[in-house]
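Reckoned from all heavy atoms, side chains included, excluding hydrogens, waters and symmetry mates. Bear in mind the structure is a predicted one, so any value in this text is a computation, not a measurement.
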Amino acid sequence: MCLIAASADRAKNLLENIKVWLETNERLHEDFPEVTLPILALERITNRQKGQKHNGVSTRIEWAADKIVLPTIEGSTASGVVISCSGMKGSDIRGQNHARADGKVVRPQLVMVDDPQTTESAWSPSQSQRRESILAGDVLGMAGPGKKISGLMACTVIRPGDMADNILDREKHPEWQGERTKMVYVFPSNEKLWAQYAEIRADSLRNDGDGSQATEFYRENREAMDAGSVIAWPERHNVDELSAIQHAMNLRLRDEAAFFAEYQNEPVVETEGEEMLNADQIVAKLNGYNRGVVPISCQNLTMFVDVQQKALFWMLCGWETDFTGYILDYGTWPEQKRLYFTLRDIRRTIAQQKPGAGLEGAIYHALEQLTEEKLSRLYHREDGLDIKIDRCLIDANWGQSTDVVYQFCRQSRFSGVVLPSHGKFVGASSIPFSEYKRKRGDRVGLHWRIPNTTGKRAMRHVLIDTNYWKTFVHARLAVAMGDPSAVSLFGRDETTHRLLAEHLTAEYRIKTMARDRTVDEWKLKAIRPDNHWLDCLVGCAVAASMEGAKLFGTEFNTTRQTNRMKLSDLQRNRK
């Protein structure tokens, strides 16, 4: 049998518990001495296992961190039983087998899966999907060709649509025969008395009490307060509580969202912002074009590079003049060669590509290599025309990379195409870009501006109102395929874009009002997922606006207002 948990360390902890019970549980020793006596004889000295014998025959006992083999004893029903453990990675699960003393090679016949998802993976549609695939393929295929396997899984639903929620759905996964257990199957019907109980308990706790006054209130009204309730485990409650229903209601009062997720397996659906797109809706917007092929209607190509310490995230988009957009290609430098990864677990890093260089040198080298690869290339359009990237913006917001980004943009042989960019959080209480006083030499566009600069970083750069442009690109993603100003993704395989969809849905918007105006303020979700390709799409859209793309109804008056003066007035002023 194989124990499987969310991580290898967690699985080893489960196996360690079994080892402790085999060593210390007196009842097991009474019932199965043929199993426990050889284990006790080791005295926790694992080097003894290879030489251990019973009646002159080797017991072949194994006692390791990730695998135990019970002693081979003639007549024992547990003779040679193997218990292994593994984390939720296909490479750890596949190919498990064990050769017995009689030469027979056995493979797992039973898997016991314990909480196979983490909070992070539950919030990630692609991670959830990957773990479901591992269960269906690697786990249930452990028995080998022509063999069946049994599986048991204890899981907790963390959020709607996560792996546990899907596995428990018999329509989606009938092979798992899911049962959704709850602490409370029917809540008490007398809501008024429980509301009074909640007030008494909260008042007691606020005043350094222990809630005993609420318990007395419950004791006096218990029959009425219990009426209508159906509880799963009547004996489950703390010593200072009178019943399991009181215990359940206390847990619900402490944190209702956590109670419904952890104890009811029915997590509350969270609403973050209005009309937010989800990952499934985004990956469904496929246009069928091959990766990197430019549709015939595209007039401009734009690129954005998001600079991070470990890697550069980049995106290439094609645009029609009415802001119909096509995500043509995206990725990282260096390329990760994996369908799913996060910034935290990136394996191929910028530093590895330039050994001996410092942080700035490694970033400069990465920008040099990426721009040489992308900006010097001719992209093939459907009508046979080969076109190049018109504008490439490079994120200069990360403090440790700002100077090197400016240096690179000045010295690059593509200096006429690349431009540093700074995203600005312009909230409802901030001064909007439209109210900034325009100076001579400034270039102003739709919620972006290029100030005329002097000083240490005497190079032009673009400032971007990120709140406005995140709303803008999400609105484009929401436009139906075929309609003007819709943004779509290359290819025909939704799986290819799962990670991209996570980046694009990593933030949510909150409508905020201040200074007589309402603004969508965008915030990262609580688990702080990666959002780098969202920043890239925003940057590509801004670059398209800089190159002349316009959405009907959002035209921006870029004509600079000047006060006209008569020649006679000018001469008078000079005098």
Side-chain angles (χ1 to χ4, degrees), residues 301-317 329-338 341-377 388-425 448 450-451 453 455-464 466 469 499-500 503 506 524 528-543 546:
L301 297 185
T302 64
M303 180 175 169
F304 188 87
V305 182
D306 183 60
V307 179
Q308 300 294 325
Q309 183 174 348
K310 289 186 176 181
L312 306 179
F313 287 78
W314 60 271
M315 181 178 286
L316 172 66
C317 293
D329 202 358
Y330 59 90
T332 62
W333 196 96
E335 187 180 352
Q336 297 306 303
K337 299 180 180 180
R338 289 188 290 161
F341 58 89
T342 64
L343 179 61
R344 187 175 63 254
D345 68 7
I346 275 180
R347 296 171 186 169
R348 302 184 70 231
T349 66
I350 287 173
Q352 293 169 354
Q353 311 309 308
K354 189 70 173 175
L359 175 62
E360 291 80 4
I363 291 175
Y364 193 99
H365 172 75
L367 289 170
E368 209 169 35
Q369 295 298 309
L370 177 61
T371 53
E372 184 65 36
E373 178 186 338
K374 302 300 177 185
L375 300 185
S376 62
R377 176 183 166 185
K388 285 190 173 184
I389 294 171
D390 299 287
R391 175 64 64 186
C392 175
L393 302 183
I394 302 177
D395 169 41
N397 252 19
W398 186 47
Q400 292 177 274
S401 69
T402 301
D403 288 337
V404 73
V405 169
Y406 274 76
Q407 179 188 358
F408 173 79
C409 291
R410 277 194 301 269
Q411 298 175 351
S412 171
R413 76 182 186 94
F414 304 106
S415 57
V417 176
V418 296
L419 191 68
S421 71
H422 292 272
K424 298 294 182 184
F425 183 91
W448 58 265
I450 302 177
T453 57
K456 179 182 177 182
R457 296 173 183 153
M459 181 177 179
R460 307 208 83 178
H461 58 271
V462 59
L463 301 175
I464 302 169
T466 54
W469 281 99
L499 183 57
L500 171 66
H503 281 239
L524 268 176
R528 301 192 66 79
D530 288 347
N531 66 341
H532 312 299
W533 283 321
L534 171 60
D535 292 339
C536 287
L537 181 56
V538 164
C540 286
V542 172
M546 294 170 62

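Note that CD of Gln407 is 10.5 Å distant from CG of Leu367, once rounded to the nearest 0.5 Å. Remark: Arg338 CZ to Thr332 OG1 distance equals 9.5 Å, nearest 0.5 Å. The structure places OG of Ser401 at 8.0 Å from CG of Leu359, a figure rounded to the nearest 0.5 Å. With values rounded to the nearest 0.5 angstrom, Met315 atom CE is found 10.0 Å from Thr302 atom OG1. The structure places CG of Leu419 at 6.5 Å from SG of Cys409, a figure rounded to the nearest 0.5 Å. Annotation: the span from Phe313 atom CZ to Asp395 atom CG amounts to 12.0 Å, rounded to 0.5 Å.
In this structure a side-chain-to-backbone donor-acceptor pair under 3.5 Å is present from Gln352 to Thr349. With hydrogens and angles ignored, the 3.5 Å screen pairs no side-chain donor or acceptor of Arg391 with any backbone N or O of Leu301. When atom types are taken as modelled, the side chain of Lys388 and the backbone of Arg377 share no donor-acceptor pair closer than 3.5 angstrom. Side-chain N or O atoms of Thr402 include one that pairs as donor or acceptor with a backbone N or O of Trp398 at under 3.5 Å. Remark: side-chain polar atoms of Gln336 are paired, donor with acceptor, to backbone N or O of Pro334 under 3.5 angstrom. Counting only distance, with no hydrogens or angles, the side chain of Asp306 and the backbone of Cys536 share no donor-acceptor pair below 3.5 Å. Between the side chain of Thr371 and the backbone N or O of Glu368 there is at least one donor-acceptor pair closer than 3.5 Å. Although no hydrogens or angles enter the test, the distance criterion places a donor-acceptor pair under 3.5 Å between the side chain of Thr466 and the main chain of Lys424.
The minimum heavy-atom distance between Glu360 and Val404, with the atom names listed, is O-CG2, 3.4 Å. When all heavy atoms of Leu537 and Cys317 are compared, the pair lying nearest together is CD1-SG, 3.9 Å. Residues Leu524 and Pro529 approach most closely at CD2-O, 3.6 Å, considering heavy atoms. Ile346 and Arg348 make their closest contact through CG2-O, 3.3 Å (heavy atoms, listed as atom of the first residue, atom of the second, distance). Minimum heavy-atom separation, Leu312 to Leu370: CD1-CD2, 3.9 Å. Counting all heavy atoms, side chain and backbone alike, Val418 lies closest to Met459 at O-CE, 4.5 Å.
Put simply, the side chain of Tyr364 does not reach to within 4.5 Å of the side chain of Lys354, judged on heavy atoms. No side-chain heavy atom of Lys374 sits under 4.5 Å from any side-chain heavy atom of Leu316. When side chains are defined from C-beta on, Pro451 counts as touching Leu463, because their heavy atoms get closer than 4.5 Å. Between Thr342 and Asp345 there is a side-chain heavy-atom pair separated by less than 4.5 Å. Residues Val405 and Val307 meet the side-chain proximity criterion, which asks for heavy atoms closer than 4.5 Å. Put simply, the side chain of Leu343 reaches to within 4.5 Å of the side chain of Gln308, judged on heavy atoms. Here the side chains of Trp448 and Trp469 are in contact, with some heavy-atom distance below 4.5 Å. For the pair Arg347 and Lys337, the minimum side-chain heavy-atom distance is 4.5 Å or more.
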For a side-chain contact (heavy atoms from CB on, under 4.5 Å) check, start with the C-alpha distance between Val542 and Ser421, then their side-chain angles and the critical distance, and finish with the verdict. CA-CA 10 Å; Val542 172; Ser421 71; over 6 Å; no
Applying side-chain contact (heavy atoms from CB on, under 4.5 Å) to Val462 and Met546, what does each step give before you reach the verdict? CA-CA 10 Å; Val462 59; Met546 294 170 62; 4.2 Å; yes
Does the side-chain contact (heavy atoms from CB on, under 4.5 Å) test come out yes or no for Val538 and Phe304, once each step is laid out? CA-CA 8 Å; Val538 164; Phe304 188 87; over 6 Å; no
Would Ile389 and Phe414 satisfy side-chain contact (heavy atoms from CB on, under 4.5 Å), going step by step from the backbone distance to the final call? CA-CA 10 Å; Ile389 294 171; Phe414 304 106; over 6 Å; no
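In this model, no donor atom of one side chain and acceptor atom of the other lie less than 3.5 Å apart for Asn531 and His503.
Listed by chain and number, the residues in a side-chain hydrogen bond (donor to acceptor under 3.5 Å, both in side chains) with Asp530 amount to none (sequence neighbours excluded). Listed by chain and number, the residues in a side-chain hydrogen bond (donor to acceptor under 3.5 Å, both in side chains) with Glu372 are Arg413 (sequence neighbours excluded).
Ring orientation note: the planes of Tyr406 and His422 are tilted relative to one another, at an angle of 30° to 60°.
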